Amino acid sequence: MKNIEFDYSQAADFVSENEIDAILPEAAAARKVLTERTGEGNTFLGWLDLPDMPEELIADIEKTAEKIRSEADVLIVIGIGGSYLGAKAAVSALRGAYANELALLGGKKPAIYFSGCDMSSDHLASLLEVIREKKVFINVISKSGTTTEPAISLRILCDAVKAAAGEDARNRIIATTDAKKGALKTLADKEGWKTFIVPDNVGGRFSVLTPVGLLPIASAGLCIRKMIEGAKAAKENAANDNLRENTACMYAAVRNILYRKGKKAEILANFEQGLHYRGEWWKQLYGESEGKEGKGIYPDSLDFSTDLHSMGQYIQEGERMLMETFIDVEEPRNRIEIPHWTENLDGLGYLEGKTLGYVNRTALKGTSEAHRDGGVPNMKFTVPEMNEFYLGYIFYMFEYACGVSGYMLGVNPFNQPGVEAYKKNMFRLLGKPSAK
């Protein structure tokens, strides 16, 4: 397999090699704290070892996923934040934009929907309409079982499955939850649902390479073994003591230099619509890990060239506090050539015979140069192709870089105390009884 390449040449006007040399010892020190597990949040570093997963667990996930694929018309994944974003990122990237529509029309099943990530009655009502008269399986993912959004969805969707399936409903609901305690664990044991474990030492936003992400991904027909192999390759690269060749550490170093020069926000940009939820996953990973104590790079993600027609003006000429990271996919999974038209009314004759992938990557190159010239330094990860191996590599690489970068910022990258603030106000306004 070719390596994922990290290129910061379009940030060269903003980051000198001397500055990189000066910050790499700091990156090395942060990496040492991470790998030796001596820093704040060190009880949540189990994700570092996830590429070395027990064979029996992989086999159990694959067996359960095969049952879902062979029996279900629809799989509903109930979860919020890290409980669903990694799986949705992988499924969206590799299954195709219209996989659910094709599945419901008799194509490759199951259709996969995600619920429990909002509290919109209209959204849930539409899902209930879609699954009517369908054979539905549920994978509910929650460490506690009391997180409001997924808990509400589970009540409503569980009742719908029970009403349709009767006693067989117990065979159609899988809980991914705590090994020993919590409301969902208690409910799963009472109802006789199959369960998978959320490891105690892995936080939600780092959990995609646990059953949290791997069961839905396998249920989509994707090869989780290849994904794990990709994560192993990223882990091996992250172990390279030559930080110039260590992709995760170089990324952490460059973005921290730019942050200290006033680049307070980072855009993760892609030119493949299927990578939209990869950006959503990345936003949570970095926002929840670094945004503390008045510090942190604000993460945002955009889908180009779509968002170049809505946000391009600001990026090019707005306040100069932005940096940008591109995900460049060398070979799309599908090849489409631009056809010949006798009448060249649209002026695109010069593109005839070229592939859409070539035009797309040329747009990326042109955008990168324009944004650099406009004062937005940018970096690029070049991915040979989008498949399970490289998805696993990217997941682990970004997680490792996040740990290093967070420690370089001087924060605990593995807690999220601020997330509870809105919940306290919501519970108060809803009249939730105080805990005794």
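Quick caveat, the model's predicted, so the values are computed rather than measured.
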Considering all heavy atoms of both residues, which atom of [X] and which atom of [Y] are nearest to each other, and what is their separation?
{"X": "Val91", "Y": "Ala220", "answer": "CG2-CB, 3.8 Å"}
{"X": "Pro384", "Y": "Ile4", "answer": "CD-CG1, 4.3 Å"}
{"X": "Pro413", "Y": "Phe206", "answer": "O-CE1, 4.3 Å"}
{"X": "Ala28", "Y": "Leu243", "answer": "N-CD1, 3.7 Å"}
{"X": "Trp47", "Y": "Glu399", "answer": "CH2-O, 3.5 Å"}

- Just checking, Lys264 and Tyr259: is the charged tip under 6.0 Å from the six-membered ring centre and within 45° of the axis?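 Positive - Lys264 is close enough to the ring of Tyr259 and near enough to its axis.
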- Message: Looking at Phe414, I'd like to know if the NZ or CZ of Arg205 sits under 6.0 Å from its six-membered ring centre while staying within 45 degrees of the ring's axis.
- Response: no
- Residue that, paired with Ser305, satisfies side chain to side chain contact (heavy atoms under 4.5 Å, CB included) out of Leu308, Asp303, Asp307: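 Exactly one option meets the side chain to side chain contact (heavy atoms under 4.5 Å, CB included) with Ser305, and it is Leu308.
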Residue [X] excluded, over 12 heavy atoms near [atom1] under 6.0 Å:
{"X": "Glu55", "atom1": "CD", "answer": "yes"}
{"X": "Tyr98", "atom1": "OH", "answer": "no"}
{"X": "Phe14", "atom1": "CZ", "answer": "yes"}
{"X": "Glu71", "atom1": "CD", "answer": "yes"}
{"X": "Lys261", "atom1": "NZ", "answer": "yes"}

- Item | side chain to side chain contact (heavy atoms under 4.5 Å, CB included) assessment of Cys158 paired with Ile173 | CA-CA 8 Å; Cys158 183; Ile173 302 175; 3.8 Å; yes
Can you tell me how far the [atom1] atom of [X] sits from the [atom2] atom of [Y], to the nearest 0.5 Å?
{"X": "Leu215", "Y": "Thr176", "atom1": "CG", "atom2": "OG1", "result": "5.5 Å"}
{"X": "Gln284", "Y": "Gln416", "atom1": "CD", "atom2": "CD", "result": "8.5 Å"}
{"X": "Leu157", "Y": "Ile138", "atom1": "CG", "atom2": "CD1", "result": "5.0 Å"}
{"X": "Leu285", "Y": "Glu280", "atom1": "CG", "atom2": "CD", "result": "13.0 Å"}
{"X": "Asn242", "Y": "Cys249", "atom1": "CG", "atom2": "SG", "result": "10.5 Å"}
{"X": "Leu34", "Y": "Leu48", "atom1": "CG", "atom2": "CG", "result": "5.0 Å"}

Is [X] salt-bridged to [Y], going by a charged N under 4.0 Å from an acidic O?
{"X": "Glu266", "Y": "Lys263", "answer": "no"}
{"X": "Lys109", "Y": "Asp73", "answer": "yes"}
{"X": "Asp49", "Y": "Arg37", "answer": "yes"}
{"X": "Lys63", "Y": "Glu66", "answer": "no"}
{"X": "Lys32", "Y": "Asp241", "answer": "no"}
{"X": "Arg260", "Y": "Glu26", "answer": "yes"}
{"X": "Arg255", "Y": "Glu324", "answer": "no"}

- Task: Kindly assign one of parallel, tilted or perpendicular to the pair Phe395 and Trp281, based on the angle between their ring planes and the thresholds 30° and 60°.
- Result: perpendicular
Have [X] and [Y] got a donor and an acceptor in their side chains that come within less than 3.5 Å?
{"X": "Asp118", "Y": "Ser120", "answer": "no"}
{"X": "Asn171", "Y": "Lys194", "answer": "no"}
{"X": "Ser142", "Y": "Thr177", "answer": "no"}
{"X": "Glu245", "Y": "Asn240", "answer": "yes"}
{"X": "Asn139", "Y": "Ser219", "answer": "no"}

- Task: Please lay out, stage by stage, how Tyr400 and Lys235 fare under the test side chain to side chain contact (heavy atoms under 4.5 Å, CB included).
- Result: CA-CA 8 Å; Tyr400 196 95; Lys235 182 180 180 182; over 6 Å; no
Do [X] side-chain atoms and [Y] backbone N/O form a donor-acceptor pair below 3.5 Å?
{"X": "Asn256", "Y": "Ala252", "result": "yes"}
{"X": "Lys292", "Y": "Ser289", "result": "yes"}
{"X": "Ser92", "Y": "Ala89", "result": "no"}
{"X": "Asn425", "Y": "Tyr422", "result": "no"}

- Can the ring centres of Trp282 and Tyr286 be said to be less than 6.0 Å apart? yes
- Thr382 vs Glu330, side chain to side chain donor-acceptor pair (under 3.5 Å): CA-CA, chis, key distance, verdict: CA-CA 7 Å; Thr382 300; Glu330 282 189 300; over 6 Å; no
Does the side chain of [Y] come within less than 4.5 Å of [X]'s, by heavy atoms?
{"X": "Thr43", "Y": "Asn201", "answer": "no"}
{"X": "Glu272", "Y": "Pro332", "answer": "yes"}
{"X": "Leu104", "Y": "Val130", "answer": "yes"}
{"X": "Leu275", "Y": "Ile327", "answer": "yes"}
{"X": "Asp328", "Y": "Arg361", "answer": "yes"}
{"X": "Ile315", "Y": "Phe304", "answer": "yes"}
{"X": "Tyr407", "Y": "Val33", "answer": "yes"}
{"X": "Lys88", "Y": "Val77", "answer": "no"}

Could you list the donor-acceptor pairs under 3.5 angstrom formed between side-chain atoms of residues 294-301 and any protein atom two or more places apart in sequence or on another chain?
| from | atom 1 | to | atom 2 | distance (Å) |
| --- | --- | --- | --- | --- |
| Lys295 | NZ | Leu409 | O | 3.3 |

- Quick one: which residue pairs count as a salt bridge (Lys or Arg N to Asp or Glu O under 4.0 Å) with a foot in residues 152-162, not counting sequence neighbours?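 Output for this query lists Lys162-Glu191.
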- Going through the distances and angles, do Phe398 and Tyr251 end up as a ring pair (Phe, Tyr, Trp, His ring centres under 6.0 Å)? CA-CA 9 Å; Phe398 272 136; Tyr251 173 56; 5.7 Å; yes
- Item | Full working for side chain to side chain contact (heavy atoms under 4.5 Å, CB included) between Ile20 and Tyr8 | CA-CA 11 Å; Ile20 292 176; Tyr8 59 93; 3.3 Å; yes
- Given Ile76 and Ile131, is the side chain to side chain contact (heavy atoms under 4.5 Å, CB included) satisfied, shown in steps? CA-CA 9 Å; Ile76 300 175; Ile131 67 174; 4.0 Å; yes
- Query: Looking at Lys232, Arg225, Lys226, which hits salt bridge (Lys or Arg N to Asp or Glu O under 4.0 Å) with Glu229?
  - Reply: Lys232
- For Glu236, all residues meeting salt bridge (charged side-chain N to carboxylate O under 4.0 Å, His left out), sequence neighbours excluded: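 Applying salt bridge (charged side-chain N to carboxylate O under 4.0 Å, His left out) to Glu236 gives none.
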